[in-house]
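Here the structure comes first, spelled out in structure tokens, and everything after it is commentary.
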Amino acid sequence: MSVSTSGLRWLVFSIVVEVPWSHHEWALPFLSVLLATPKVSEREGLRHRTVAQRTAQVVYWLRRVLPGRKIELAGDGAYSVIELGHRAQSQGITLIAPIRLDSRRFDFPPSRLKPDGTKRLGRRPVVGQRLPNLEDVAICKTTRWQRGRVEWYDGETEVIDWVSGVSLWYSTGTPPLLIRWVLVRDPSGQRQTVAFFSTDIHQDPRSIIATFVKRWATEVTFEIGRAHLGIETQRQWSDKAIERTTPALFALFSIVVLMVHPLYGDRTLPLPQAAWYPKSHATFHDLIAILRCHLWHHLLFQTPANSPDLWIFKPPRIHQLLSSAAY
């Protein structure tokens, strides 16, 4: 007997920002969308929408609420869809995502004029000659790789090889999408060769790689949210509770970060230290503890206005108790 079950799938959009108390970027969620499975959509009598289709709706919303702003949207393989690329280009948004090594890339269509100046007969083709697969480009001895340092995970830099170009990404039934592709390999051969694309053909290849690497901050947010806020661990039995709780917890993550920042700005945060573990960078655990101490101190331990010298506990003892409770 085989028993299987699937959980809820949330489409979460985050803004990746630099914070002064950490050496890597943080992803702050600002929008959560619950995705239904095809069976649920059919049962509810709704039209099923994929990740790319829901994201296309969000692309319109982003451009409407942020007119004139430069927006780069980075996602995983679920965003590697030609239709979504067209939607992003139409709204002036740059889409960056992985692309399969066997994707169908083509050259530009030939000119309508022959070498003798006469016009070619028939309908103009939408694409030109098919280009070699990226997996063939990766093993070709004539490929001219470039090597350099790029921004990598955990705030570090990494030496990698890359080769880039501009082509038309085409699939039957959809208009071709003009993209800049980047093929990336590890000089040491320890990592597998991967490829990315950007709908901005003028974007620097190293910028494309660095932007996609920033997407990892969202994965870190998911893990932290589960450990400290209980995301994906709550148990609700009503649809309204399910639809409200998870977005509220994602929002709470961003609210905590946004509340701590104006309290300290670029100053050093009061982090707990140990002789065997000098701590220089703050974690979300530190932020939520600092915010608890700040709120509890002002809400629960204010001295009376008529007796400013009256303390039930001395200030050092209060801070010690607050710190112990907060952590």
Side-chain angles (χ1 to χ4, degrees), residues 49-56 59 72-148 150 160-187 189 191-213 215:
R49 297 187 183 276
T50 62
V51 172
Q53 291 171 336
R54 284 296 186 191
T55 304
V59 164
E72 290 182 341
L73 178 63
D76 55 16
Y79 298 80
S80 182
V81 179
I82 295 178
E83 293 85 348
L84 179 58
H86 282 295
R87 183 67 60 88
Q89 281 186 339
S90 67
Q91 299 300 311
I93 295 178
T94 301
L95 174 64
I96 299 174
I99 187 172
R100 291 172 56 97
L101 298 182
D102 59 351
S103 59
R104 302 176 72 238
R105 299 177 306 108
F106 293 83
D107 200 352
F108 294 95
S111 173
R112 295 299 302 273
L113 298 179
K114 297 180 180 179
D116 57 3
T118 60
K119 190 175 182 180
R120 299 180 186 272
L121 300 178
R123 191 174 71 173
R124 181 182 181 181
V126 295
V127 294
Q129 185 178 5
R130 181 168 181 178
L131 301 175
N133 290 343
L134 292 177
E135 53 190 357
D136 297 328
V137 176
I139 62 177
C140 182
K141 296 182 178 180
T142 60
T143 300
R144 302 181 62 180
W145 296 91
Q146 300 184 58
R147 178 169 296 182
V150 299
I160 62 170
D161 295 338
W162 74 85
V163 61
S164 180
V166 176
S167 62
L168 295 173
W169 184 19
Y170 176 66
S171 180
T172 305
T174 59
L177 177 65
L178 181 61
I179 62 170
R180 171 167 289 281
W181 54 269
V182 183
L183 186 62
V184 180
R185 75 174 183 183
D186 182 10
R191 305 185 186 92
Q192 64 179 0
T193 301
V194 294
F196 310 101
F197 77 92
S198 171
T199 54
D200 181 6
I201 63 173
H202 303 292
Q203 189 171 7
D204 182 71
R206 282 192 285 192
S207 174
I208 296 174
I209 300 171
T211 301
F212 182 80
V213 167
R215 192 194 68 84

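Just so it is clear, the model here is predicted, and its values are computed rather than measured. Side chains included, hydrogens not; waters and symmetry mates left out as well; all remaining heavy atoms used. Throughout, residue positions are numbered sequentially from 1 according to the sequence presented.
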Any donor-acceptor pair under 3.5 Å from Gln91 side chain to Ala88 backbone: no
Close side-chain approach of Ile160 and Ile209, heavy atoms under 4.5 Å: yes
Pairwise side-chain contact, Ile179 with Ile99, heavy-atom cut-off 4.5 Å (strictly under): yes
Working for side-chain contact (heavy atoms from CB on, under 4.5 Å), residues Arg215 and Asp76: CA-CA 8 Å; Arg215 192 194 68 84; Asp76 55 16; 4.1 Å; yes
Arg100 side chain near Ser80 side chain, heavy-atom distance below 4.5 Å: no
Heavy-atom closest contact (Val59 atom, Arg87 atom, distance): CG1-O, 4.0 Å
Polar side chain donor-acceptor pair, Ser164 to Arg180, under 3.5 angstrom: yes
Heavy-atom closest contact (Pro110 atom, Pro125 atom, distance): CD-CG, 3.9 Å
Asp102 CG to Asp136 CG distance, which is reported to the nearest 0.5 Å: 10.0 Å
Which atom of Val163 lies closest to which atom of Val137, heavy atoms considered: CG1-CG1, 4.5 Å
Asp200 side, atom CG; Ile96 side, atom CD1 - distance, nearest 0.5 Å: 8.0 Å
Thr172/Arg104 under side-chain contact (heavy atoms from CB on, under 4.5 Å): CA gap, chis, key distance, verdict: CA-CA 10 Å; Thr172 305; Arg104 302 176 72 238; 4.2 Å; yes
Trace of the side-chain contact (heavy atoms from CB on, under 4.5 Å) decision for Leu183 with Thr193: CA-CA 7 Å; Leu183 186 62; Thr193 301; 3.7 Å; yes
Nearest non-hydrogen partners of Ser167 and Arg105, listed with the distance: OG-NH1, 3.5 Å
Atom CZ of Arg191 with >12 non-hydrogen neighbours under 6.0 angstrom: yes
Closest heavy-atom pair and its distance - Gln203, Ser198: OE1-OG, 2.7 Å
Nearest-0.5 Å distance, CZ of residue Arg185 to CD1 of residue Ile139: 12.0 Å
Side chains of Thr55 and Tyr79 in contact at under 4.5 Å (non-hydrogen atoms): yes
Nearest-0.5 Å distance that lies between atom OG1 in Thr211 and atom CG in Leu95: 11.5 Å
Min side-chain heavy-atom separation Arg206-Trp162 under 4.5 Å: yes
Residue from Trp181, Trp169, Phe212 passing ring pair (Phe, Tyr, Trp, His ring centres under 6.0 Å) with Phe197: Trp169
Close side-chain approach of Leu177 to Gln89, heavy-atom, < 4.5 Å: yes
Closest heavy-atom pair and its distance - Ile82, Pro175: CG2-O, 3.6 Å
Distance, nearest 0.5 Å, that separates CD of Glu135 from SG of Cys140: 13.0 Å
Close side-chain approach of Pro109 to Leu168, heavy-atom, < 4.5 Å: yes
Flag for Thr94-Glu72: side-chain donor and acceptor within less than 3.5 Å: no
Beyond-backbone contact of Val166 with Leu178, side-chain heavy atoms, under 4.5 angstrom: yes
